[in-house]
**Student:** 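Here's a structure for you.
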Amino acid sequence: MKVLISGAAGALGEAVRTVFLQQGAKVSCIARSREGVDSAGASWFACENLADEAAARAAANRAIEAIGGIDALVHVAGAFAWKKVEDSLVDDWRALYSANVETTLVLVRACIPAMRSGASIVAVGAASAEPAGAGMAAYAAAKSGVARLIEALAQELAPRGIRANAVLPSIIDAPRNRADMPGVDPAQWTSPAAIADTISFLAQSGSRAISGALIPVTHQL
């Protein structure tokens, strides 16, 4: 299997990369500044801004060439910010829209030409997008945009045999979240490995009957 992972340097990206490599997949990774081949055999390609169409397309083309094609695109890259509506600026909303919706759109468009029947797209949305809580309006709006994009893609790409789904994590048990929320018990947060297992399932043929789904991944068992 040939897999391209964006945002592969973060906690969730690392877990996704690990699960596919353990399954024997050929893996290309896109991150902000990392290049080369790591000790596990994953190829890395730098793209500072995945919302930049030319830069993202160039990185995606190199990443796909390195593994000889693409069976699955896993779009992990995105951004989060907490800010109440009355304290937010239009630029705050635009930044989250760009980091979440535009990056998904641009990378999907860059990869679709290389995808064949049986290929899969898996994006990362957010369980907190519906309903949105206090301080979550801009982020929830952006992740809702990702969800709508995935739903439309599933319909548009169905005639070509390409599937599109999204996972919707709650709070991810990652070092940054633990640092940002030191007073919160992470026992009920979802581990990156559990989310990665769901992503792996959605990317492969065992989930061939699933497309256009928004899958909550919110429990730690």
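Bear in mind that the values here come from a model prediction, so they are computed numbers and not experimental data.
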**Student:** Would Leu214 and Val16 show up in the same hydrophobic cluster when neighbours are defined by side-chain heavy atoms closer than 4.5 Å?
**Tutor:** no
**Student:** Is a side-chain donor or acceptor of Thr218 paired with a backbone partner of Ser170 at a separation under 3.5 angstrom?
**Tutor:** no
**Student:** Under a 3.5 Å distance rule, please check whether Ser98 uses its side chain to pair with a backbone N or O of Ala95 as donor and acceptor.
**Tutor:** no
**Student:** Is the backbone N or O of Ala134 less than 3.5 Å from a side-chain atom of Trp82, with the two atoms forming a donor-acceptor pair by type?
**Tutor:** yes
**Student:** Roughly how far, to the nearest 0.5 Å, is CG of Asn100 from CG of Leu149?
**Tutor:** 11.5 Å
**Student:** Say you draw a straight line from OG1 of Thr104 to CG of Leu153; how long is it, rounded to the nearest 0.5 Å?
**Tutor:** 9.5 Å
**Student:** Is there a path of hydrophobic side-chain contacts, each under 4.5 Å between heavy atoms of I, L, V, M, F, W or Y residues, that connects Phe201 with Ile215?
**Tutor:** yes
**Student:** Cluster question for you: counting only ILVMFWY and a side-chain heavy-atom cut-off of under 4.5 Å, with indirect links fine, are Trp44 and Ile64 together?
**Tutor:** no
**Student:** Going by heavy atoms in the side chains, are Val19 and Ile199 under 4.5 Å from each other?
**Tutor:** no
**Student:** How far does CG of Leu157 sit from CE of Met115, to the nearest 0.5 angstrom?
**Tutor:** 8.5 Å
**Student:** Where is the tightest heavy-atom contact between Ala193 and Ala15, given as atom of each residue plus distance?
**Tutor:** N-CB, 4.0 Å
**Student:** Could you tell me whether Arg34 atom CZ has more than 12 heavy atoms of other residues or ligands within 6.0 Å of it?
**Tutor:** yes
**Student:** How far apart are the closest heavy atoms of Met136 and Ser128, and which atoms are they?
**Tutor:** CE-OG, 3.2 Å
**Student:** Checking Ser43 side chain against Val37 main chain: does a donor-acceptor pair fall under 3.5 Å?
**Tutor:** no
**Student:** Between Ser120 (side chain) and Leu202 (backbone), is there a donor-acceptor pair under 3.5 Å?
**Tutor:** yes
**Student:** Quick one: does Asn165's side chain have a donor or acceptor within less than 3.5 Å of a partner on Ile210's backbone?
**Tutor:** yes
**Student:** Return yes if a side-chain donor-acceptor contact under 3.5 Å exists between Thr18 and Gln22, otherwise no.
**Tutor:** no
**Student:** What heavy-atom pair brings Ser28 and Ile67 nearest, and what distance separates the two atoms?
**Tutor:** OG-CG2, 3.4 Å
**Student:** With rounding to the nearest 0.5 angstrom, report the CG to NZ distance, Asp71 to Lys26.
**Tutor:** 10.0 Å
**Student:** In terms of hydrophobic clustering (I, L, V, M, F, W, Y; side-chain heavy atoms under 4.5 Å; direct or indirect links), are Phe20 and Leu73 co-clustered?
**Tutor:** no
**Student:** Would you compute the distance between atom CD of Glu156 and atom CD1 of Ile162 and round it to the nearest 0.5 angstrom?
**Tutor:** 11.5 Å
**Student:** Does Glu35 reach the main-chain N or O of Ala46 with its side chain, forming a donor-acceptor pair under 3.5 Å?
**Tutor:** yes
**Student:** Does atom CZ (Arg148) have a neighbourhood of more than 12 heavy atoms from anything else shown, all under 6.0 Å?
**Tutor:** yes
**Student:** Less than 4.0 Å between a side-chain N and a carboxylate O, is that true for Glu65 and Arg62?
**Tutor:** no
**Student:** My understanding is that only one of Val122, Thr103, Val124, Ile150 makes a side chain to side chain contact (heavy atoms under 4.5 Å, CB included) with His75; could you say which?
**Tutor:** Thr103
**Student:** Which heavy atom of Gln204 sits nearest to which heavy atom of Arg163, and what is that distance?
**Tutor:** O-NH2, 3.1 Å
**Student:** When hydrophobic residues are tied together by side-chain contacts of less than 4.5 Å, even through go-betweens, does Leu4 share a cluster with Ile121?
**Tutor:** yes
**Student:** Quick one: are Ile112 and Arg160 in side-chain contact, heavy atoms under 4.5 Å?
**Tutor:** yes
**Student:** For the pair Leu168 and Lys143, evaluate side-chain contact (heavy atoms from CB on, under 4.5 Å) and give the outcome as yes or no after the intermediate values.
**Tutor:** CA-CA 9 Å; Leu168 309 180; Lys143 286 299 191 182; over 6 Å; no
**Student:** How close do Ala63 and Phe45 get, counting heavy atoms only, and between which atoms?
**Tutor:** CA-CE1, 3.5 Å
**Student:** For Lys83, is there any backbone N or O sitting under 3.5 Å from a side-chain donor or acceptor partner on Asp87?
**Tutor:** no
**Student:** Do other residues, nucleotides or ligands put more than 12 heavy atoms under 6.0 Å from Gln23 CD?
**Tutor:** yes
**Student:** Are any of the side-chain heavy atoms of Leu50 and Val106 separated by less than 4.5 Å?
**Tutor:** no
**Student:** Calculate, to the nearest 0.5 Å, the distance between atoms SG and CG belonging to Cys47 and Leu107 respectively.
**Tutor:** 8.5 Å
**Student:** Do you know which two heavy atoms are closest between Ala110 and Asn61, and how far apart they sit?
**Tutor:** O-OD1, 4.3 Å
**Student:** Listed by chain and number, what are the ring pair (Phe, Tyr, Trp, His ring centres under 6.0 Å) partners of Tyr139, not counting sequence neighbours?
**Tutor:** Phe80
**Student:** Whether the side chain of Lys2 engages the backbone of Gly68 through a donor-acceptor N/O pair (distance < 3.5 Å, no angle test) should be reported.
**Tutor:** yes
**Student:** Tell me if a side-chain donor or acceptor on Arg208 pairs with a main-chain N or O of Ser205 at a distance below 3.5 Å.
**Tutor:** yes
